[in-house]
Novice: 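Have a look at this one before I ask anything.
Atoms within each ligand, like the ligands themselves, are counted from 1 in listed order. For reference, positions follow the sequence shown, starting with 1.
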Amino acid sequence: MPFSKQHQVSFEFFPPKTAAGIDKLVETRQSLGKLNPEFFSVTYGAGGSTRDNTKAIVLDGIAQGFNTAPHLSFGGDEKESILSLLEEYKTNGVNRIVALRGDLPSGFGDGSRLVHANELVSFIREHTGDHFHLEVAAYPEIHPEAKSYETDIEFLKQKFAAGASSAITQYFFNADAYKYFVDRCQKAGIDQAIYPGIMPIVNFDNLKRFSQNCGAEIPRWLSYRIESLKESPYDLTAFCTDFITELCESVLSSGAPGIHFYTMNQTEPTQTICHNLGLK
Ligand code: FAD
């Protein structure tokens, strides 16, 4: 199923560390901006480590006329600094936030200081009312620390009860994981939109490492197929682009309200996948 007018598309960036990285992001934003996304989002380094870079990219995006949403977590911050950041976002035209618990950078202890996302959502609602559309994270293959499938869905429900507006999922490569998850969420009484987060396959070695940490399963057949195409970059790109296009079609035809792309700050292959889905 291709995109229709009812579907929402959004693109995620991470804050680059170099001037060249920022130039590339600006170019990517310009290209993907032509696809008329609902918003761009900019991630927040573990523990708040990219606070200033995230803010700079978000505010620049807004200044250039792109609806841009910061990701935010308490990290190691006090309530006062989160409050002043929220105020700054509000006065500069930010109207959407991706609210997370986040993770602590490695070497920063056992994570016992982390503030769960439902508490951040309550905090933002308490201090800024309905100003922000609040996105939260959801995990079709279940968060790696979750006690069970059921408790993870209950905690997602708590995030909505605290005032979240919609959710974006962790990436996945099994469409069934998303479909089953949405079905279970609906049966648990969640009726807000759950947008599938889709990760185009760019650097497979990095993806394998990252997937182990975040609990996203790479199907065995997919892994074998990609490994076998490694020596033919053209075929590999074509295969991965087709695979992700089909994954998008599958979730859209199951009723997904749109797609959030983890772009890795690259125009391709996200742009081609969107074109394949009829978004021009
Ligand atoms: P929570 O919703 O707090 O859940 C974390 C764990 O605790 C889960 O196992 C859950 O079952 C459990 N839990 C939830 N609520 C409670 C509660 N009240 N009491 C007890 N247990 C609870 N990370 C970054 O560092 N920066 C980013 O910008 C970033 N962006 C992301 C965007 C998306 C769309 C997604 C899906 C993930 C993103 N992440 C990001 C990763 C995310 O920070 C990690 O997955 C983190 O470990 C959990 O964050 P959360 O908001 O889902 O946490």
Novice: What is the closest protein heavy atom to atom 11 (O) of ligand 1, and at what distance does it sit?
Specialist: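 Ranking protein heavy atoms by distance from atom 11 (O) of ligand 1, first comes Asp152 OD1, 2.5 Å.
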
Novice: What atoms of ligand 1 come closer than 4.0 angstrom to any heavy atom of Ala146?
Specialist: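 Going through ligand 1 atom by atom, the ones under 4.0 Å from Ala146 are 9 (O).
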
Novice: Among Thr151, Leu156, Leu100, whose heavy atom sits nearest atom 40 (C) of ligand 1?
Specialist: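 Heavy atom nearest to atom 40 (C) of ligand 1 belongs to Leu100.
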
Novice: For the residue pair Phe243 and Phe173, categorise the inter-ring angle as parallel (less than 30°), tilted (30 to 60°) or perpendicular (more than 60°).
Specialist: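 Geometry flag for Phe173 against Phe243: tilted rings.
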
Novice: Under 4.0 Å, heavy-atom basis, I'd like to know which part of Gln158 is in contact with ligand 1: side chain, backbone, both or neither.
Specialist: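 The answer is the side chain.
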
Novice: Identify whether the distance between the nearest side-chain nitrogen and carboxylate oxygen of Arg101 and Asp103 falls below 4.0 Å.
Specialist: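 Yes, this pair counts.
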
Novice: Can you confirm, on distance only, whether ligand 1 has an N/O atom lying under 3.5 Å from any N/O atom belonging to Tyr139?
Specialist: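 Indeed, backbone or side chain, Tyr139 has an N or O that close.
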
Novice: Check this for me - ligand 1, His116, N or O atoms closer than 3.5 angstrom, yes or no?
Specialist: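 N/O-N/O distance under 3.5 Å: yes.
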
Novice: Once the angle between the rings of Phe40 and Phe13 is folded into 0 to 90°, is it parallel (under 30°), tilted (30 to 60°) or perpendicular (over 60°)?
Specialist: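 Correct class here is parallel.
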
Novice: Using a 4.0 Å cut-off to any heavy atom of Ile168, which atoms of ligand 1 qualify?
Specialist: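 Near Ile168, meaning under 4.0 Å from one of its heavy atoms, ligand 1 has 34 (C), 36 (C).
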
Novice: Report the member of Ser10, Gly45, Ala46, Ala137 with the shortest heavy-atom distance to atom 35 (C) of ligand 1.
Specialist: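 That would be Ala137.
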
Novice: Could you check whether Lys208 pairs with Glu227 (Lys NZ or Arg NE/NH1/NH2 to Asp/Glu carboxylate O, under 4.0 Å)?
Specialist: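 Yes.
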
Novice: Distance from Lys159 atom NZ to Ile190 atom CD1, nearest 0.5 Å?
Specialist: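 Going from the NZ atom of Lys159 to the CD1 atom of Ile190 covers 10.0 Å.
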
Novice: Could you grab the distance from atom OG of Ser250 to atom OH of Tyr178, nearest 0.5 Å is fine?
Specialist: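 One finds 10.5 Å between OG of Ser250 and OH of Tyr178.
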
Novice: Looking only at protein heavy atoms, which one is nearest to atom 18 (N) of ligand 1, and what is the separation?
Specialist: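 Atom 18 (N) of ligand 1 sits closest to the protein heavy atom Asn118 OD1, 3.2 Å.
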
Novice: Starting from atom 30 (N) of ligand 1, locate the nearest protein heavy atom and write down its residue, its atom name and how far away it is, to 0.1 Å.
Specialist: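 The answer is His71 ND1, 3.0 Å.
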
Novice: Run down the list Lys159, Glu119, Arg101 and name the one with the heavy atom closest to atom 2 (O) of ligand 1.
Specialist: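 Result: the heavy atom closest to atom 2 (O) of ligand 1 is in Lys159.
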
Novice: Identify whether the distance between the nearest side-chain nitrogen and carboxylate oxygen of Lys157 and Glu150 falls below 4.0 Å.
Specialist: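 No, this pair does not count.
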
Novice: Any nitrogen or oxygen of Glu12, side chain or backbone, less than 3.5 Å from one on ligand 1?
Specialist: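 No, Glu12 has no N/O under 3.5 Å of an N/O on ligand 1.
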
Novice: Evaluate the ring planes of Phe123 and Phe74, with Trp represented by its six-membered ring, and classify them as parallel (under 30°), tilted (30 to 60°) or perpendicular (over 60°).
Specialist: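 Rings of Phe123 and Phe74: perpendicular, as their planes differ by over 60°.
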
Novice: Answer yes when Lys147 and Asp152 have at least one side-chain N-carboxylate O distance shorter than 4.0 Å, and no when they do not.
Specialist: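 So Lys147 does not pair with Asp152 through a salt bridge.
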
Novice: Any nitrogen or oxygen of Ala117, side chain or backbone, less than 3.5 Å from one on ligand 1?
Specialist: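 Among all N and O atoms of Ala117, at least one is under 3.5 Å from an N or O of ligand 1.
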
Novice: With a 4.0 Å heavy-atom cut-off (strictly under), which part of Tyr195 contacts ligand 1: side chain, backbone, both or neither?
Specialist: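 Neither; nothing of Tyr195 gets under 4.0 Å from ligand 1.
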
Novice: Rounded to the nearest 0.5 Å, what separation is found between the CZ atom of Phe66 and the CD1 atom of Ile62?
Specialist: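 Phe66 atom CZ to Ile62 atom CD1 measures 11.0 Å (nearest 0.5 Å).
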
Novice: Looking at ligand 1, does any of its N/O atoms fall within less than 3.5 Å of an N/O of His143?
Specialist: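 Yes.
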
Novice: N/O to N/O below 3.5 Å, does that happen between Asp103 and ligand 1?
Specialist: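 For ligand 1, there is an N or O atom that lies under 3.5 Å from one belonging to Asp103.
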
Novice: Do me a favour and list the nearest non-hydrogen protein atom to atom 17 (C) of ligand 1 with residue, atom name and distance?
Specialist: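 Sorting protein heavy atoms by distance from atom 17 (C) of ligand 1 puts Phe155 CE2, 3.3 Å first.
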
Novice: Can you report which non-hydrogen protein atom sits closest to atom 24 (C) of ligand 1, along with the distance?
Specialist: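 Checking every protein heavy atom, the shortest distance to atom 24 (C) of ligand 1 gives Tyr44 O, 3.5 Å.
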
Novice: Pull out every atom of ligand 1 sitting under 4.0 Å from any heavy atom of Gln170, numbered as shown with elements.
Specialist: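 Those of ligand 1 that fall under 4.0 Å from Gln170 are 36 (C).
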
Novice: Distance under 4.0 Å to a non-hydrogen atom of Gly102: what atoms of ligand 1 satisfy this?
Specialist: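 Those atoms are 43 (O), 46 (C), 47 (O), 49 (O).
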
Novice: If you measure every N/O of Thr169 against every N/O of ligand 1, is any gap under 3.5 Å?
Specialist: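 Looking only at distances, the answer is no, because the N/O contact criterion of under 3.5 Å is not met.
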
Novice: Rounded to the nearest 0.5 Å, how far apart are CD of Glu27 and CG of Leu32?
Specialist: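 Interatomic distance, Glu27 CD to Leu32 CG, rounded to 0.5 Å: 11.0 Å.
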
Novice: Any salt bridge between Asp205 and Lys230, counting N to O under 4.0 Å?
Specialist: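 Salt bridge present between Asp205 and Lys230.
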
Novice: Looking only at heavy atoms of Tyr262, does any of them come nearer than 4.0 Å to an atom of ligand 1?
Specialist: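 In this structure, Tyr262 qualifies as a contact of ligand 1 - some heavy atom is under 4.0 Å.
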
Novice: Would you give the length of the straight line joining atom OH of Tyr262 to atom OG1 of Thr270, rounded to the nearest 0.5 angstrom?
Specialist: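 Spacing of OH (Tyr262) from OG1 (Thr270) equals 12.0 Å.
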
Novice: Would you find more than 12 non-hydrogen atoms of other residues, nucleotides or ligands less than 6.0 Å from Tyr149 atom OH?
Specialist: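 It does: Tyr149 OH has more than 12 such atoms within range.
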
Novice: Heavy atoms only, cut-off 4.0 Å: how does Leu114 contact ligand 1, side chain, backbone, both, or neither?
Specialist: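 The answer is neither; Leu114 stays 4.0 Å or more away.
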
